2 protein chains.
Amino acid sequence: MTLSDTDIEKTTESRVQTPRLDRQLCFALYSASGLMTKLYRPLLAPLGLTYPQYLTMLALWERAPRTVGELGDTLGLDPATLTPLLKRMEAGGLISRRRDPADERRVLVQPTAEGEALRAAAGGIQEALGCQLPLEPVELAKLRDTLNGLVGQLRALETEATAVEQGNER
Amino acid sequence: MTLSDTDIEKTTESRVQTPRLDRQLCFALYSASGLMTKLYRPLLAPLGLTYPQYLTMLALWERAPRTVGELGDTLGLDPATLTPLLKRMEAGGLISRRRDPADERRVLVQPTAEGEALRAAAGGIQEALGCQLPLEPVELAKLRDTLNGLVGQLRALETEATAVEQGNER
DNA sequence: TCCTTTTAATTTGTACACTAATGATTTGTG
DNA sequence: CACAAATCATTAGTGTACAAATTAAAAGGA
């Protein structure tokens with residue numbers, strides 16, 4: 001372990017420090033996430049689902065109906081992202097969308113019978129992927145928990161930042 | 001640790017096994033990656049860079065010129081994704097694109113003087129983020145290495161799959 | 001040499017993903 | 001009650017991201 005074993009590379013020509021791509025946590029996350037999505041794609045296509053749509057169904061299978069905003073909080077997505085996504089899923093017959101009679105601002109989302117029927121197939125996908133993934137289940141769980149911890153901290157940072165924006169820093 | 005402590009939830013009503021969102025490694029990666037991108041966004045905006053554009057500059061600062069295909073391999077992106085992205089960066093004056101005289105199929109990409117000048121600012125971004133990240137540098141490095149290992153294995157799976165597609169399984 | 005095959009990048013079409021602006025409803029306050 | 005402020009979803013506009021089709025150039029074979 002040398003002193004120069006950092007994520008910064010010192011170039012001789014300018015003494016400018018350039019961050020190295022393969023030392024960036026953000027790039028590791030970016031790559032891993034993209035590859036995982038690619039791995040799911042061929043398994044989800046037969047079900048008529050994209051990867052974000054699959055995550056949405058997972059959320060709805062756990063609890064429904066939910067409003068667009070609640071779904072966005074769970075998935076970490078903007079309402080502006082979800083609206084067209086949910087419309088496509090509605091057009092595909094997997095979910096229903098209706099205004100909440102008790103509060104006409106909200107839109108309630110829930111799986112249709114057809115959407116509910118996909119539940120069984122989802123279990124098969126997890127099984128198929130577990131076989132492909134070249135990772136011990138224990139290691140996998142550890143990595144997942146570490147990431148979820150990071151996600152929690154990043155979300156805390158996020159809400160803190162918006163609070164400061166609104167002058168609520170006390 | 002109970003026997004039911006798995007990533008599958010058994011529902012009483014149908015005995016169907018539904019994967020739980022918060023137990024999915026893929027969702028943890030998806031969320032962490034998205035949040036990290038959000039964290040970078042306000043820091044990169046003053047430089048006129050989006051997050052994928054920033055990664056592209058990191059790659060080009062390390063080695064240039066590079067072809068579109070080489071960049072795609074490094075970043076894990078399709079040429080079809082990079083072409084418009086690179087055009088925007090060219091329009092912004094950060095990179096230059098030109099056909100390789102030795103092979104007119106290739107397009108050589110490299111930073112302009114203006115793009116090279118951003119190098120210094122990039123170091124500052126890493127510094128600013130390191131302060132924000134609520135994670136020990138050692139833990140961070142460990143997580144990064146674990147992820148890079150996963151990325152390597154997923155890439156191997158990927159090329160293996162395309163090889164089978166082409167009937168090269170022997 | 002001619003012609004087929006392969007390779008490299010681009011174009012087309014669909015689907016996320018976010019910011020900013022808009023519209024509609026509800027809540028809070030005088 | 002009236003009406004300003006806050007809340008919720010949608011729309012508009014820009015920028016990834018990929019599959020499939022296209023164009024252009026190089027490589028390989030008869």
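Chain letters run A, B, ... following the sequence lines, proteins first, then strands; residues in each count from 1. What you see is a predicted model; the values in this text were computed from it and never measured.
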**Complete:** In whole angstroms, the gap separating C1' of C:dA15 from CG of A:Leu85 amounts to 8 Å
**Item:** Atom pair distance, as rounded to whole Å: CG in A:Asp73 and P in D:dT7
**Value:** 13 Å
**Message:** Both A:Thr67 and B:Arg105 contact DNA chain D. Which one's nearest nucleotide lies toward the 5' end?
**Reply:** A:Thr67
**Asked** Do any side-chain nitrogens or oxygens of A:Arg97 fall under 4.0 Å of OP1 or OP2 in D:dT10?
**Response** yes
**From C:dT19, D:dT10, D:dT16, nucleotide with atom closest to A:Val68 side chain** = D:dT10
**Prompt:** Start at the 5' end of DNA chain D and walk down; is the nucleotide closest to A:Arg99 or to A:Gly34 reached first?
**Reply:** A:Arg99
**Prompt:** Counting only side-chain N and O atoms of A:Thr50, is one of them less than 4.0 Å from OP1 or OP2 of C:dC16?
**Reply:** yes
**Message:** Counting only side-chain heavy atoms from C-beta out, which of D:dC8, D:dC18, D:dT10 sits nearest to B:Asp78?
**Reply:** D:dC18
**Request:** Would you tell me if any nitrogen or oxygen in the side chain of B:Tyr40 comes within less than 4.0 Å of OP1 or OP2 on C:dC18?
**Result:** no
**Prompt:** If only side-chain N and O atoms of A:Lys87 are considered, is one of them under 4.0 Å from the OP1 or OP2 phosphate oxygen of C:dC16?
**Reply:** no
**Message:** Side chain of A:Lys38 only, heavy atoms from C-beta on: which candidate in C:dT7, C:dT25, D:dC18 is closest?
**Reply:** D:dC18
**Item:** Whole angstrom value for the distance that separates P of C:dA9 from CG of B:Leu108
**Value:** 9 Å
**Message:** Checking the side chain of A:Thr112 only, and the main-chain atoms of A:Leu94 only, is there a donor and an acceptor separated by less than 3.5 Å?
**Reply:** yes
**Item:** Any B:Tyr30 side-chain N or O less than 4.0 Å from OP1/OP2 of C:dA17
**Value:** yes
**Prompt:** If you check every side-chain atom of A:Ala80, which of D:dT16, C:dT26, C:dT19 has the closest atom?
**Reply:** C:dT19
**Asked** Any salt bridge between B:Glu104 and B:Arg99, counting N to O under 4.0 Å?
**Response** no
**Prompt:** Expressed in angstrom and rounded to an integer, what is the separation of B:Met89 atom CE from D:dT16 atom C1'?
**Reply:** 13 Å
**Request:** Calculate the interatomic distance between A:Leu71 atom CG and C:dA17 atom C1'; express it in whole Å.
**Result:** 15 Å
**Request:** Please figure out whether B:Leu86 or A:Gln53 has its closest DNA chain C nucleotide nearer the 5' end.
**Result:** B:Leu86
**Request:** Quick one: label B:Leu82 by what it contacts on the DNA or RNA (base, sugar-phosphate, nothing), any heavy atom closer than 4.0 Å.
**Result:** nothing
**Asked** Rounded to whole angstrom units, what separation is found between the CG atom of B:Asp100 and the C1' atom of D:dA26?
**Response** 12 Å
**Prompt:** Distance-only, no hydrogens or angles: does the B:Thr56 side chain make a donor-acceptor pair with backbone N or O of B:Pro52 under 3.5 Å?
**Reply:** yes
**Request:** Using whole Å, report how far OH of B:Tyr54 lies from C1' of D:dT16.
**Result:** 18 Å
**Prompt:** Between A:Gln126 (side chain) and A:Gly123 (backbone), is there a donor-acceptor pair under 3.5 Å?
**Reply:** no
**Prompt:** Does A:Val107 offer a backbone N or O that forms a donor-acceptor pair with the side chain of A:Arg98 under 3.5 Å?
**Reply:** no
**Asked** Side chain of A:Pro52: nearest nucleotide among D:dA9, C:dC16, D:dC18?
**Response** C:dC16
**5′-ward residue of the pair A:Asp103/A:Tyr51 relative to DNA chain C** = A:Tyr51
**Prompt:** Is any side-chain nitrogen or oxygen of A:Arg88 closer than 4.0 Å to OP1 or OP2 of C:dC16?
**Reply:** yes
**Asked** Contact class for B:Thr37 vs. all strands (heavy atom < 4.0 Å): base, sugar-phosphate, or nothing?
**Response** nothing
**Asked** Looking at A:Thr83, does any N or O in its side chain come under 4.0 Å of the phosphate oxygens OP1/OP2 on D:dT10?
**Response** yes
**Message:** Test your reading of the model: is there a side-chain donor-acceptor pair from A:Arg144 to the backbone of B:Arg23, 3.5 Å cut-off?
**Reply:** yes
**Asked** Counting only N and O atoms by type, is there a donor-acceptor contact under 3.5 Å from the side chain of B:Arg66 to the main-chain atoms of B:Ala59?
**Response** yes
**Message:** Between C1' on C:dT6 and CD on B:Glu104, what's the gap in Å once rounded to a whole number?
**Reply:** 18 Å
**Message:** Just N and O in the side chain of A:Thr81: are any of them under 4.0 Å from OP1 or OP2 of C:dC18?
**Reply:** yes
